[in-house]
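To start, the structure under review is shown below, and the notes come after it.
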Amino acid sequence: MDLLTEILQDAGMRRRVLDLRHLPAGRALRFPCEKSIGLHVVLQGPVHLHAPTLAEPLVLGSGDIALMARGCDHLLSPQAQIDGLPVDTIWQPAPQPPATDDRAVLSGAYQLWNTPLHPFFTELPPWFVLRAADRPRLGPLALATGLVEQEMARQEPGGDTIVQALLDVVFTYALREVAAQRGPAQAGWSHAVADPAVRRVLTLMHEDCAHPWTLDELAQRAGLSRTALAERFRQAMGDTPLNHLRLLRMQRAMKLLADTALHLEAVASAVGYQDAFSFSKVFKRTLGESPKEFRRRDAAERAHPFRFHGT
């Protein structure tokens, strides 16, 4: 399995097609994104994206795709100026499509409820736009967005499943593009995977985080000395290999604690600890709460109105 797929699976991410919305003139639509990455596919533009962190609105045209990092609350509107406009929230029922304005956006959310996050997600830029004009007309993103629009218009059996799958395709292509544009010039995950040796180490840890990895074994598998690996990994990731391994283990542990009823001993073993005591000690030091406290809190928060369920 490739690294990005591993990261998405271990993140415990939940996703949801939020809806196809027609944006009437004289109103704004709010997207609360405290714990979610947002995605908009503009079917008919232009629309304006407003956020407190933006000096001026982002103007999105037909076919443009906008990706927002976790925590970037924002509004969409046909208007460049929204002062005094009434604001709806995406969770409210969609009104009937307006007769005089055909601006439409298909939106999705990819929820990462618990922290800490994998560095890949923390390094995402707050706002990232893929312009339709910059993509090949017959490229995969253009074809995927075209199929999304067709499915939304047809309203045929199985359409919801197809639209969600297509939105996942668009989301993954957008993440690829973010990583490609960050590239090796900037420190972080995108930089790290551009280094074959560091990428090899990351792949080994992701594929089997329960293995009792040591710096010596990782260096040997990467074809480097212990010192060389430690230096290259720190330069690329801003962290040590074993600290990163601990983060991966804690993320996988959070997923098991949230999604299964496994006893602590089984969770500890699944993420590379010999017993529940040592696992619990590291978990609490990393997250600030014990595994049992995390599990109770997570179970209680499942009733939160903004929390997604399912996959």
Side-chain angles (χ1 to χ4, degrees), residues 15-33 36-51 53-70 72-82 85 87-92 94-110 124-155 159-160 162-178 181:
R15 77 264 205 276
R16 179 183 296 176
V17 175
L18 296 180
D19 209 350
L20 170 66
R21 285 292 182 119
H22 294 265
L23 303 177
R27 302 191 73 85
L29 181 61
R30 178 173 175 256
F31 291 82
C33 294
S36 299
I37 299 171
L39 178 71
H40 299 303
V41 179
V42 180
L43 303 182
Q44 293 292 332
V47 299
H48 297 79
L49 189 154
H50 304 260
T53 56
L54 290 171
E56 57 185 26
L58 291 174
V59 183
L60 306 174
S62 299
D64 287 351
I65 298 165
L67 182 73
M68 284 67 62
R70 184 181 186 269
C72 292
D73 284 14
H74 58 283
L75 297 94
L76 294 182
S77 176
Q79 272 74 35
Q81 299 296 327
I82 60 171
L85 291 186
V87 177
D88 302 317
T89 300
I90 186 60
W91 311 114
Q92 297 170 335
Q96 290 295 318
T100 58
D101 200 328
D102 59 357
R103 303 184 205 195
V105 178
L106 176 66
S107 303
Y110 291 79
L124 289 177
W127 314 100
F128 184 78
V129 179
L130 291 163
R131 299 291 181 185
D134 297 334
R135 305 195 307 270
R137 293 182 60 188
L138 296 179
L141 267 177
L143 294 174
T145 53
L147 288 171
V148 166
E149 190 168 4
Q150 288 181 30
E151 285 299 323
M152 295 300 294
R154 288 175 178 170
Q155 298 292 309
D160 289 348
I162 293 172
V163 168
Q164 180 67 77
L166 290 170
L167 202 65
D168 290 346
V169 169
V170 173
F171 177 66
T172 307
Y173 271 115
L175 293 179
R176 272 191 188 176
E177 191 62 29
V178 171
Q181 290 196 20

- Query: Of the non-hydrogen atoms in L29 and T89, which two are nearest, and what is the gap between them?
  - Reply: CD1-C, 3.8 Å

- Item | Spatial distance of atom OG (S36) from atom CZ (R70) [nearest 0.5 Å] | 8.0 Å

- Message: Check whether R154 reaches the backbone of G159 with its side chain - one donor and one acceptor, N or O, closer than 3.5 Å.
- Response: no

- Do you know the tightest heavy-atom contact between D73 and W127? O-CH2, 4.0 Å

- Query: I37 and F171: side chain to side chain contact (heavy atoms under 4.5 Å, CB included), yes or no, with the steps?
  - Reply: CA-CA 10 Å; I37 299 171; F171 177 66; 3.9 Å; yes

- How many angstroms lie between atom CD of Q155 and atom CG of L20, to the nearest 0.5 angstrom? 8.5 Å

- Message: Tell me whether the rings of H74 and H40 are parallel (<30°), tilted (30 to 60°) or perpendicular (>60°).
- Response: perpendicular

- Can you tell me if CZ on R131 sees more than 12 non-hydrogen neighbours from other groups inside 6.0 Å? yes

- Item | Minimal non-hydrogen separation, P136 against A142, with atom names | O-CB, 3.5 Å

- Point-to-point distance, once rounded to the nearest 0.5 Å, from CZ of F128 to CG of L67: 7.5 Å

- Item | Rounded distance [0.5 Å steps], CD1 in I82 versus NE2 in H50 | 4.5 Å

- Task: Return yes if a side-chain donor-acceptor contact under 3.5 Å exists between D168 and Q164, otherwise no.
- Result: yes

- Considering all heavy atoms, the nearest S77-L23 contact: N-CD1, 4.5 Å

- Message: Do Q44 and E149 have side chains that approach each other closer than 4.5 Å (heavy atoms only, starting at C-beta)?
- Response: yes

- Decide side chain to side chain contact (heavy atoms under 4.5 Å, CB included) for D64 and L58; before the verdict, give the C-alpha distance in whole Å, the side-chain angles of both, and the deciding distance to 0.1 Å. CA-CA 11 Å; D64 287 351; L58 291 174; over 6 Å; no

- Message: So does V87 get a backbone contact from the side chain of R30, meaning a donor-acceptor N/O pair under 3.5 Å?
- Response: no

- Message: Is any side-chain heavy atom of L175 closer than 4.5 Å to one of L124?
- Response: yes

- Flag side-chain contact, heavy atom, 4.5 Å: P78 against R103: yes

- Item | Minimum-distance pair of heavy atoms, taken over all atoms of S62 and G45 | OG-N, 2.9 Å

- Item | Nearest heavy-atom neighbours spanning L167 and G108 | CD2-CA, 3.6 Å

- Message: Determine whether a donor-acceptor pair (N or O, by modelled atom type, separation under 3.5 Å) exists between the side chain of E151 and the backbone of D160.
- Response: no

- dist L54:CG -> H48:NE2 (nearest 0.5 Å) comes out at 12.5 Å

- Query: So L18 and L39, side chain to side chain contact (heavy atoms under 4.5 Å, CB included) or not? Walk me through it.
  - Reply: CA-CA 10 Å; L18 296 180; L39 178 71; over 6 Å; no

- Message: Would you compute the distance between atom CG of L75 and atom CD1 of I90 and round it to the nearest 0.5 angstrom?
- Response: 11.5 Å

- side chain to side chain contact (heavy atoms under 4.5 Å, CB included) evaluation trace for L76 with R21: CA-CA 10 Å; L76 294 182; R21 285 292 182 119; over 6 Å; no

